[in-house]
Participant: 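One structure is given below, represented as structure tokens, and several questions about it will come after.
Below, chain A is the first sequence line, B the second, and so on; all start at residue 1. These numbers come from the heavy atoms of this one structure, side chains and all, not from hydrogens, waters or symmetry mates.
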Amino acid sequence: MSSMQPIAAPLPFTLKTKLSVDRVSMVFERDGNRTEVLNNINLEVGDGEFVCLLGPSGCGKTTLLNAMAGFLSPTSGEIKVDGEAVRRPNPRRIFVFQERGVFPWLTVEGNIGFGLSKVTKAEREQRIAYYVKMVGLQGFEKTYPQELSGGMKQRLEVARALAVNPDMLLLDEPFGALDSITRLVMRGELLRIWEAERKTVIFVTHDIDEAVQLADRVVVMSARPASIRQIVNIDIAHPRDISAPRYLELRDGIFQQIGLAHKV
Amino acid sequence: MNALSQPAKWERFFWPVVATGLLLALWYYSVRWTGTKVFPSPREVEKGLAELLRHHVLWNDIIDSLRRVAVGFGLAVLVGIPLGLTLGWYPAANQVVNPTMQILRPISPIAWIPVAIIFFGVGDNAAIFLIFLGAFFPIVVACINGVANVPSVYRRAGRNFGLTPPQLLGRVLFPAALPQILVGLRIALGIAWLVVVAAEMIAVDSGLGFLIIDSRNSGKRYDLVVAAILLIGAIGLILDVAFRRLETLRSVRWGFRHES
């Protein structure tokens with residue numbers, strides 16, 4: 001298959017490098033047990049690119065995302081953003097958890113404004129209103145997360161992240177807890193927001209369809225210790241027709257790569 | 001009516017009233033049948049209560065008891081919450097203090113009465129000290145556990161938005177732990193109300209606890225003793241119900257299960 005070269009696809013031409021992962025390995029030691037989680041990961045992500053990290057559950061893709069966010073430091077190797085080594089979390093790159101990440105003690109407004117303590121009151125209010133609208137939560141400004149549906153909570157968390165105007169969004173299986181219909185809607189919403197704001201997006205998922213529907217490039221990872229098996233360019237323009245031959249070809253290629261083709 | 005259906009509104013009041021009535025009847029007839037001269041009947045207790053009200057001593061006693069609880073409990077809140085939050089925040093410090101606290105915690109505040117009297121003499125301060133001791137530990141422990149149980153997603157989200165450690169404590173850990181802290185405060189308030197009665201029997205000469213002991217000592221007025229006991233129960237209930245209303249505040253409601 002022509003699109004499935006077993007080498008890492010290079011950065012798509014014109015993009016400036018936003019994030020680089022250079023020979024990163026990660027080993028956890030607990031109670032004398034060594035667990036190798038990441039094994040020599042090399043990756044470059046361009047400015048404004050949408051990249052999916054795809055791999056089986058528990059393979060270490062979330063660990064890699066945590067390292068990119070600065071919550072964990074690699075055992076060896078280095079992660080750089082804009083040429084600067086990542087050492088701690090930074091509001092320039094916001095990590096989006098599953099829906100549990102919104103603060104239940106704050107209203108929708110309070111959550112979106114959480115990271116905005118340094119801007120003026122007027123600007124804060126204006127940004128809150130803007131992002132409430134962007135994620136379609138008008139009328140719920142004073143509502144607490146407890147009273148929102150799973151999809152609304154997830155949109156709220158994305159709005160909270162966008163409100164601080166970060167360069168990067170790091171999304172950790174953000175739609176994993178949603179039902180399949182809501183999940184489809186949310187993918188469309190996320191793409192719409194991404195096209196409007198052009199943030200660099202790193203999106204962790206174990207769902208092959210999700211990865212191929214969303215990403216510019218899909219980074220296929222192996223089981224633990226995770227290494228990169230292949231990076232697949234998804235050369236289909238949005239909105240993507242998920243029954244088009246090219247879509248199915250790319251998707252089936254990844255299924256084959258993971259060793260699951262025609263098994264079910 | 002099946003087991004799942006809600007009882008009708010009148011039933012929710014009707015049956016408790018019936019149960020109380022039956023208990024009062026049991027009390028009344030027990031006193032009559034045994035012919036006791038010492039223990040009062042409900043009727044005598046009611047008269048005793050009226051007598052106390054007439055002589056305007058009751059309000060002063062209630063206010064004195066409530067004031068001591070307010071001061072002792074308030075001090076425990078002021079000291080206990082910052083201390084508990086700090087210990088929850090620094091597990092290393094908690095490990096140092098924890099063994100001492102675990103030893104002090106199960107000691108009934110009553111055991112401290114002689115010590116309180118040495119420190120503070122007979123008077124208000126000794127009673128307040130005992131109430132403080134009783135309320136302090138549940139508050140500290142609730143704060144430690146509350147902070148320790150804050151899900152790491154909230155901490156990480158807070159750090160991600162660039163919060164400094166004090167901001168993280170104030171804007172993430174405290175509100176996230178608040179439901180659990182409120183539970184601790186409620187337990188502490190209940191204990192404070194238990195302790196004030198005991199303390200007033202020994203360390204002071206006013207308040208509902210003193211009323212009980214004084215009624216017994218000055219002429220074996222058991223009608224007044226039982227009246228004071230019932231009053232203590234009623235006020236304890238009112239305090240608890242009032243405190244539970246805090247749990248319905250919107251910023252903490254998420255942490256409690258409420259039947260809607």
Participant: Check whether A/R93 gets within reach of chain B through its side chain, its backbone, both or neither, counting any heavy atom under 4.5 Å.
Facilitator: backbone

Participant: Which distance, rounded to the nearest 0.5 Å, do you find between the CG of B/L83 and the CE of B/M101?
Facilitator: 7.5 Å

Participant: Among the options B/P151, B/G255, B/S251, pick out the one with the most heavy-atom pairs lying under 4.5 Å from chain A.
Facilitator: B/S251

Participant: Need one label for A/S117: side chain, backbone, both or neither, based on atoms under 4.5 Å from any heavy atom in chain B.
Facilitator: side chain

Participant: Sort by residue number and list every residue of residues 152-160 of chain B having at least one heavy atom under 4.5 Å from chain A.
Facilitator: B/V153, B/Y154, B/R156, B/A157, B/G158, B/R159, B/N160

Participant: Between atom CG of B/N145 and atom CG of B/N94, what is the distance when rounded to the nearest 0.5 Å?
Facilitator: 8.5 Å

Participant: I need the contact set between residues 106-113 of chain B and chain A: heavy-atom distance under 4.5 Å, sorted by residue number.
Facilitator: none

Participant: Any donor-acceptor pair under 3.5 Å linking the side-chain atoms of A/E49 with those of A/T200?
Facilitator: no

Participant: Ignoring hydrogens and angles, state whether a donor on the side chain of A/T182 or A/D179 is under 3.5 Å from an acceptor on the partner side chain.
Facilitator: yes

Participant: Are side-chain N/O atoms of B/S206 and B/R68 paired as donor and acceptor at under 3.5 Å?
Facilitator: yes

Participant: Which region of B/L163, side chain (C-beta onward) or backbone (N, CA, C, O), has a non-hydrogen atom less than 4.5 Å from a non-hydrogen atom of chain A, or is it both or neither?
Facilitator: side chain

Participant: B/W10 ring centre to B/R12 NZ or CZ under 6.0 Å, with the angle to the axis within 45°?
Facilitator: no

Participant: Do B/N98 and B/Q102 have side-chain atoms, one donor and one acceptor, less than 3.5 Å apart?
Facilitator: yes

Participant: Nearest 0.5 Å please: distance from the CG atom of B/L168 over to the CZ atom of B/F161.
Facilitator: 12.5 Å

Participant: Should the ring pair A/F103 and A/F114 be called parallel, tilted or perpendicular, given that the plane angle runs from 0 to 90° and is split at 30 and 60?
Facilitator: tilted

Participant: May I ask you to check whether B/E200 and B/S65 show a side-chain donor-acceptor distance below 3.5 Å?
Facilitator: yes

Participant: Main chain of B/V147, side chain of B/W89: is a donor-acceptor contact present, judged purely on distance under 3.5 Å?
Facilitator: no

